[in-house]
Amino acid sequence: MYENLIKLQTDALAELTAVADAEALEAWRVRYLSRKGGALGEAVKTLSTLPREERPAYGQAANEVKAVVEAAFAARQEALRAAALEAELTGSAIDVTLPGRAPSLGHLHITTQALRQLYAIFAEMGFQVYDAPDVETDDYNFGLLNIPPYHPARDMWDTFWVSQDATPDPGQRALLLRTHTSPGQIRVMRERCPEPIRVVLPGKCYRYEQISVRSEHQFYQMEGLAVGKNIRLTDLIGTLHEFAHKLYGGTGKLRVRGSYFPFTEPSIEADVECVLCRGKGCAVCKYTGWLEVAGAGMVHPVVLRNGGYDPDVYSGFAFGFGVERPSMLKYSIHDIRYYYGNDLRFLGQFG
Ligand code: DAH
């Protein structure tokens with residue numbers, strides 16, 4: 001045998017066993033089997049330098065080495081391919097026994113839930129839902145509700161003004177974000193007059209306030225309005241009683257205090273017995289035993305007239321309350337800023 005051929009075969013096979021990936025295999029192939037400059041090709045070329053009678057034996061030996069080396073290459077290539085396939089199959093295998101990942105579903109906002117509960121409570125008492133605009137005129141928000149310009153009661157509502165055109169009649173043109181849902185009262189009356197009315201008006205209200213744990217510059221209110229013949233204060237108290245009882249449950253004891261609002265006469269505030277301590281006194285009711293439910297009263301004759309109703313023939317009651325408060329009590333939410341802060345860690349708790 002020829003020594004150079006033996007060495008070539010030994011080296012090639014030894015190196016091949018160390019080849020671990022396709023890249024190394026390709027480098028090995030170029031080194032030994034490449035037509036141009038491959039070690040095997042070079043060895044065959046030396047044939048021409050041998051004496052004529054040695055050439056057939058050398059040629060045969062070279063062919064044998066070539067066959068061995070090529071077969072080893074094919075085997076290695078196949079082994080690497082099989083290993084790669086195996087790794088892919090086992091590496092990214094799907095474990096079908098794993099529990100699925102539940103897609104996170106959205107749900108209604110806590111305020112929307114509260115509003116719907118309120119619609120249901122009032123629907124049982126025959127109240128329809130009426131929508132009024134968020135952007136109002138000064139007149140609707142104040143003037144027509146018996147709060148003329150420069151009336152000191154305007155101090156009760158810090159206002160976001162949208163525009164304040166200098167026109168001959170500033171009350172007509174000045175636009176604002178409604179500070180309460182009460183302007184809707186005038187809109188329903190003007191639309192329905194002289195029909196009797198029984199509506200609730202839900203909506204977002206805006207106040208130019210310092211934001212704190214207790215006050216946001218936007219929040220929801222719900223207004224109630226009933227207009228007809230022979231509507232009395234006892235009808236109002238009965239309605240508020242039924243509402244508080246359905247919303248808060250418990251004994252449903254209601255207390256009424258005299259108050260003042262420019263658009264009602266007389267005006268009252270209604271409290272329900274504290275649902276947490278049942279009237280004994282606790283931190284939530286500030287040790288009074290009572291929770292404030294709503295501001296209310298008999299619709300002021302001026303307001304009735306502004307709505308188109310003759311106050312000598314018709315009477316009515318109205319009430320208004322904040323929508324977030326009941327859910328704050330129910331879930332012990334101590335900070336109103338969570339409601340519209342859009343933090344899903346908060347909102348997601350009320351699905
Ligand atoms: N609009 C009042 C407020 O924002 C609440 C209110 C009080 C509404 C008495 C009424 C009412 O309809 O009669 O503070």
Side-chain angles (χ1 to χ4, degrees), residues 118 122 125 127-134 136-148 151-160 176-189 197-209 214-228 231-241 243-244 254-272 291-304 306-307 309 311 314-326 336:
L118 292 167
F122 283 108
M125 292 190 270
F127 285 80
Q128 296 173 308
V129 177
Y130 187 96
D131 264 322
D134 289 36
E136 273 293 9
T137 62
D138 179 296
D139 252 11
Y140 273 95
N141 196 78
F142 294 123
L144 295 167
L145 290 169
N146 203 25
I147 319 168
H151 190 288
R154 288 201 178 200
D155 286 354
M156 285 161 77
W157 298 277
D158 298 313
T159 309
F160 280 117
L176 49 81
L177 296 178
R178 65 173 166 208
T179 60
H180 52 175
T181 43
S182 303
Q185 289 188 28
I186 304 287
R187 291 188 177 273
V188 201
M189 284 194 274
I197 296 172
R198 211 187 291 172
V199 293
V200 283
L201 303 112
K204 207 171 228 186
C205 301
Y206 308 82
R207 288 192 196 167
Y208 186 45
E209 301 211 22
R214 304 190 137 261
S215 51
E216 253 291 9
H217 55 49
Q218 43 181 331
F219 53 91
Y220 272 87
Q221 275 192 349
M222 188 174 277
E223 189 89 7
L225 176 71
V227 177
I231 292 185
R232 288 175 289 199
L233 188 64
T234 44
D235 297 319
L236 168 60
I237 295 171
T239 303
L240 290 175
H241 187 270
F243 153 64
L254 196 82
R255 156 177 110 162
V256 165
R257 294 175 282 121
S259 186
Y260 172 75
F261 299 101
F263 30 85
T264 44
E265 181 57 38
S267 301
I268 60 168
E269 269 172 76
D271 303 332
V272 67
L291 298 170
E292 203 180 304
V293 167
M298 299 307 290
V299 181
H300 196 288
V302 167
V303 176
L304 277 176
N306 287 337
Y309 290 83
Y314 295 92
S315 57
F317 67 70
F319 56 85
F321 58 89
V323 171
E324 291 87 359
R325 183 100 200 282
I336 194 170

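Remember, it's 1-based here, ligands and their atoms both numbered in the order they're listed.
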Whether Phe127 and Phe317 hold their rings parallel, tilted or perpendicular, with breakpoints at 30° and 60°: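 Taking Phe317 first and then Phe127, their aromatic rings sit tilted (interplane angle of 30° to 60°).
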Against heavy atoms of [X], which atoms of ligand 1 measure under 4.0 Å?
X	result
Arg207	3 (C), 4 (O), 14 (O)
Gln221	3 (C), 4 (O)
Thr264	13 (O)
Gln185	12 (O)
Gly297	13 (O)
Ala318	12 (O), 13 (O)

Salt bridge Asp271-Arg257, side-chain N to carboxylate O under 4.0 Å: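 Arg257 and Asp271: salt-bridged.
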Charged N-O contact under 4.0 Å between Arg207 and Asp158: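 Result for this pair is no, no salt bridge flagged.
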Pick from Phe263, Tyr260, Phe317: the one approaching atom 6 (C) of ligand 1 most closely through a non-hydrogen atom: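 Selected option, by shortest heavy-atom distance: Phe263.
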Proximity winner for atom 10 (C) of ligand 1, if only heavy atoms of His180, Met222, Glu223 are counted: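 Of the listed residues, Glu223 has the closest heavy atom.
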Region of Ser182 engaging ligand 1 - heavy atom pairs below 4.0 Å: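 Only the side chain of Ser182 comes within reach of ligand 1.
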Flag, side chain of His180 to backbone of Asn141, donor-acceptor distance under 3.5 Å: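 Here the side-chain-to-backbone pair exists.
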Exam field: side chain Gln221 to backbone Thr181, donor-acceptor pair closer than 3.5 Å: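 Yes, Gln221 side chain to Thr181 backbone: donor-acceptor pair under 3.5 Å.
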Partners meeting side chain to side chain donor-acceptor pair (under 3.5 Å) with Glu136 (sequence neighbours left out):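 Side chain to side chain donor-acceptor pair (under 3.5 Å) list for Glu136, sorted by chain: Arg187.
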Atom OH of Tyr260 with >12 non-hydrogen neighbours under 6.0 angstrom: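 Counting neighbours around OH of Tyr260, more than 12 heavy atoms of other residues, nucleotides or ligands fall under 6.0 Å, so yes.
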